[in-house]
Q: 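First the structure, which I've put down as structure tokens, then a few questions once you've had a look.
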There are 2 protein chains.
Amino acid sequence: MSLRHAILTALLERPSSGFDLARRFDRSIGYFWSATHQSIYRELATLEREGLIESLPQPPSRGKRKLYEVRLAGRSALVAWLGQYEEPERSRDALLVRLRAASVVGAGPLVEQMRLHREAHEERRAEYLEIAERDFSDPHPDASAQIQHLILLAGVGLETYWMTWLSDAIELLSEVDRSGHAEDQ
Amino acid sequence: MSLRHAILTALLERPSSGFDLARRFDRSIGYFWSATHQSIYRELATLEREGLIESLPQPPSRGKRKLYEVRLAGRSALVAWLGQYEEPERSRDALLVRLRAASVVGAGPLVEQMRLHREAHEERRAEYLEIAERDFSDPHPDASAQIQHLILLAGVGLETYWMTWLSDAIELLSEVDRSGHAEDQ
DNA sequence: ATTTACATGTAAGGGGTTACATGATTTG
DNA sequence: CAAATCATGTAACCCCTTACATGTAAAT
């Protein structure tokens with residue numbers, strides 16, 4: 001149920017088309033809730049059917065921009081959702097599952113994969129820092145900007161965390177590799 | 001595709017029933033890939049149909065334990081999967097989506113939710129530390145134990161990270177609340 | 001004998017991904 | 001006018017979750 005509320009949030013800030021939303025997701029809400037254009041279009045259709053958003057009147061045709069804006073019912077639904085408590089989800093990380101498998105059948109090419117993951121996290125971190133500098137360097141930000149900055153910093157911190165953990169992991173796996181393989185246990 | 005490989009890993013360590021796996025997942029692989037008993041039973045059935053695992057011959061009946069073990073093809077499939085590179089997934093966190101919404105419609109009861117999340121992360125962290133002390137205090141662990149310890153420490157670090165970030169976030173949101181609401185922007 | 005814990009499943013539905021289809025607009 | 005880019009959608013499938021159904025074994 002998060003995608004629809006992410007969409008409502010984005011549309012409240014600025015009426016947009018599905019295509020716009022897809023692009024905006026890639027560099028803001030998408031840090032913590034990525035979405036493909038297909039899922040966005042589907043959710044937009046559902047939201048409109050339910051009367052939470054409406055498309056600005058334009059001749060509807062396939063290749064034409066279709067702008068949506070949030071109706072009052074949509075804003076209420078968002079506020080209501082904001083009030084619902086959800087337990088924190090357990091994270092799902094295929095790399096950790098691979099590492100767990102490596103503890104049984106040997107690391108194989110996993111160390112190299114971890115190096116690539118570390119690079120990916122480095123790049124993502126750099127990207128976030130760039131955005132932070134560009135969009136949140138105002139010395140007297142309003143409340144909204146402060147919160148958005150905080151969210152971005154959550155991303156920076158997470159990427160940093162994985163970078164350091166991966167470095168430790170790579171080091172340990174390399175040592176283990178040198179001094180007898182896991183398979184031999 | 002991670003669940004099946006998590007299951008193969010667990011079964012390689014010890015032939016188990018679906019019920020066993022569900023319990024073992026709760027306190028090991030489940031740190032990074034949780035699974036309900038329903039999904040485990042379904043995947044076990046699929047794996048058996050595909051010939052990657054086999055059930056030990058016993059009169060199959062509904063309320064009776066059904067032990068599975070991994071066949072050679074299953075081990076090969078696991079090793080093959082281990083060699084496949086996957087990009088790191090973007091994390092999905094409904095709380096961050098809520099916070100993003102709060103930057104538009106105001107924080108409302110979100111601070112209290114964040115306190116509860118912080119508590120949940122504290123508890124999970126304590127749980128992991130307990131397991132670490134109980135299972136990984138051997139001064140000369142073998143390679144497999146070292147890797148499993150490393151995975152557990154990834155969990156500890158993540159929980160710690162979210163605890164500190166949430167503390168910062170709660171503090172900022174409280175300040176923002178005191179000095180004029182986000183809604184008023 | 002009944003309750004509780006153990007154990008295995010089925011069914012429906014939600015939400016997401018990948019692949020594919022199609023039209024409109026801009027640029028060389 | 002051809003190609004690239006912008007833009008909206010459909011269809012099939014995958015994996016997971018929630019709710020429900022059912023049977024066995026141990027404890028009181």
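Letters A, B, ... are given to chains in the order of the sequence lines, protein chains preceding strands, and every chain is numbered from 1.
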Q: Yes or no on side-chain hydrogen bond (donor to acceptor under 3.5 Å, both in side chains) for B:Ser16 and B:Arg24, after CA distance, side-chain angles and deciding distance?
A: CA-CA 10 Å; B:Ser16 306; B:Arg24 288 173 61 196; 2.9 Å; yes
Q: Side-chain donor or acceptor of B:Arg42 under 3.5 Å from a matching atom on the base of C:dG9?
A: no
Q: Rounded to whole Å, how long is the line connecting atom CG of A:Leu21 with atom C1' of D:dG9?
A: 15 Å
Q: Out of D:dC15, D:dT8, D:dT24, which nucleotide sits closest to the side chain of B:Met1?
A: D:dC15
Q: Of the candidate nucleotides C:dA7, D:dT8, D:dT18, which contains the atom at the shortest distance from the side chain of B:Arg65?
A: C:dA7
Q: Please report how far the helix from C:dA1-D:dT28 to C:dG28-D:dC1 bends, comparing the axis fitted to its first five pairs with the axis fitted to its last five, to the nearest 10 degrees.
A: 10°
Q: Of the options C:dG9, D:dA7, C:dA19, whose atoms approach the side-chain atoms of A:Gln38 most closely?
A: C:dA19
Q: Taking atom types as modelled and ignoring hydrogens, do the side chains of B:Ser39 and B:Arg42 form a donor-acceptor contact shorter than 3.5 angstrom?
A: no
Q: Out of D:dA25, C:dG9, C:dT17, which has the shortest distance to the side chain of A:Thr36?
A: C:dT17
Q: Please report the distance, rounded to the nearest Å, between CD1 in B:Ile40 and P in D:dT17.
A: 10 Å
Q: Could you check how far CZ of B:Arg90 sits from P of C:dT17, rounded to whole Å?
A: 12 Å
Q: Would you indicate, yes or no, if D:dT17 has its OP1 or OP2 atom less than 4.0 angstrom from a side-chain nitrogen or oxygen of A:Arg92?
A: yes
Q: Side chain of A:His37, heavy atoms from C-beta onward: which of C:dG16, D:dG9, C:dT8 has the nearest atom to it?
A: D:dG9
Q: As a test of reading the structure: which of C:dA7, C:dT17, D:dG9 is closest to the side chain of A:Ser39, going by heavy atoms?
A: C:dT17
Q: Less than 4.0 angstrom between a side-chain N/O of B:Tyr41 and OP1 or OP2 of C:dG9, yes or no?
A: no
Q: Between the side chains of B:Asp20 and B:Arg23, is the shortest nitrogen-to-carboxylate-oxygen separation below 4.0 Å, so that they form an ion pair?
A: yes
Q: Between C:dT17 atom P and A:Phe25 atom CZ, what is the distance in whole Å?
A: 12 Å
Q: Centre-to-centre under 6.0 Å for B:His117 and A:Tyr85, is that the case here?
A: yes
Q: Does B:Lys64 make a side-chain N or O approach to OP1 or OP2 of C:dC6 shorter than 4.0 Å?
A: no
